[in-house]
Amino acid sequence: METKVLFGVGLVFDTPEFGTIVMGANEELDELTPSTIKEMIGDQVIIKKTDGEEQVYEVVSTQINYSIAGKKNIGICLGKGISPDDISAGSIVYCYSS
């Protein structure tokens, strides 16, 4: 099974309303449409943490924004059951395909 890298985690934060959100960018995805990226992300992602541990997470929602430079920033909401302390910047988010 080939796992496609979505992005490296640049930012992890918690919101009272939505729970934990991971954000990052991948210039390989900048040419794709937001709907194509959301389709790639799907319902689950694998996050490989900086210590090498891999874990599958449910995707609550996705948000794709454009930076001033025209690059896409991808945010994935993992929900309230996940602590932002569980995922550190530098972790890698992969597509999950069963």
Side-chain angles (χ1 to χ4, degrees):
M1 170 180 85
E2 182 196 348
T3 51
K4 171 97 173 111
V5 173
L6 287 167
F7 59 85
V9 176
L11 184 64
V12 182
F13 59 96
D14 187 51
T15 64
E17 192 175 347
F18 301 110
T20 297
I21 297 173
V22 293
M23 292 195 72
N26 178 350
E27 51 184 51
E28 290 180 19
L29 303 180
D30 284 341
E31 301 301 315
L32 302 177
T33 64
S35 59
T36 301
I37 296 170
K38 286 183 180 188
E39 197 173 293
M40 284 174 62
I41 294 168
D43 296 330
Q44 294 179 314
V45 292
I46 300 169
I47 297 181
K48 185 172 186 177
K49 300 176 185 176
T50 52
D51 64 4
E53 179 192 346
E54 291 184 11
Q55 192 165 348
V56 176
Y57 291 92
E58 297 290 325
V59 173
V60 175
S61 65
T62 58
Q63 182 80 36
I64 299 168
N65 300 313
Y66 291 86
S67 71
I68 287 176
K71 306 289 185 188
K72 290 185 179 77
N73 293 315
I74 303 166
I76 298 177
C77 177
L78 303 174
K80 295 182 179 181
I82 310 296
S83 166
D85 298 333
D86 291 346
I87 303 164
S88 59
S91 298
I92 308 292
V93 181
Y94 295 89
C95 295
Y96 178 80
S97 51
S98 50

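- Of all heavy-atom pairs spanning Leu6 and Leu29, the tightest one is O-CD1, 3.3 Å.
- If you chain together hydrophobic residues whose side chains sit under 4.5 Å apart, Ile92 and Ile46 fall into the same group.
- Residue pairs satisfying the side-chain hydrogen bond (donor to acceptor under 3.5 Å, both in side chains) criterion with at least one member in residues 70-82, sequence neighbours excluded, are absent.
- When the shell of 6.0 Å around CD of Glu28 is examined, it contains 12 or fewer heavy atoms from other residues, nucleotides or ligands.
- The two atoms that bring Ala89 and Val12 nearest to each other are N-CG2, 4.3 Å, heavy atoms only.
- Heavy-atom minimum distance, Pro84 versus Phe13: CB-C, 4.4 Å.
- Side-chain atoms of Ser88 and Thr50 form a donor-acceptor pair, as typed in the model, at a separation below 3.5 Å.
- Heavy-atom contacts from other residues, nucleotides or ligands closer than 6.0 Å to CD of Gln55 number more than 12.
- Separation of atoms NZ (Lys48) and OH (Tyr94) is listed at 5.0 Å; rounding is to 0.5 Å.
- Taking hydrophobic clusters as Ile, Leu, Val, Met, Phe, Trp and Tyr residues chained together by side-chain heavy-atom distances below 4.5 Å, Val22 does not share a cluster with Tyr96.
- The distance from atom CD1 of Ile82 to atom CD1 of Ile21, rounded to the nearest 0.5 Å, is 13.0 Å.
- Summarising the local packing, CD of Glu31 is surrounded by 12 or fewer heavy atoms from other residues, nucleotides or ligands at distances under 6.0 Å.
- Every residue meeting the side-chain contact (heavy atoms from CB on, under 4.5 Å) condition with Asp85, not counting sequence neighbours, appears here in chain and number order: Ser83.
- In this structure, Ser91 and Lys49 approach most closely via the heavy-atom pair OG-CA, 3.5 Å.
- Counting heavy-atom neighbours within 6.0 Å of Lys38 NZ, excluding the residue itself, gives a total above 12.
- Val60 and Val93 end up in different hydrophobic clusters when Ile, Leu, Val, Met, Phe, Trp and Tyr side chains are linked at under 4.5 Å.
- Rounding to the nearest 0.5 Å places CG of Leu78 at 6.5 Å from OG1 of Thr20.
- In this structure, CE in Met40 is found 4.0 Å from SG in Cys95, a value given to the nearest 0.5 Å.
- Val59 and Val9 end up in the same hydrophobic cluster when Ile, Leu, Val, Met, Phe, Trp and Tyr side chains are linked at under 4.5 Å.
- Evaluation of the side-chain contact (heavy atoms from CB on, under 4.5 Å) rule for Ser61 yields Cys77 as partners, not counting sequence neighbours.
- Other residues, nucleotides and ligands contribute at most 12 non-hydrogen atoms within 6.0 Å of the CG atom of Asp43.
- Expressed to the nearest 0.5 Å, how far OG1 of Thr62 lies from CD1 of Ile76 amounts to 7.0 Å.
- Put simply, CD1 on Ile37 and CG on Leu32 are 5.0 Å apart, with the number rounded to the nearest 0.5 Å.
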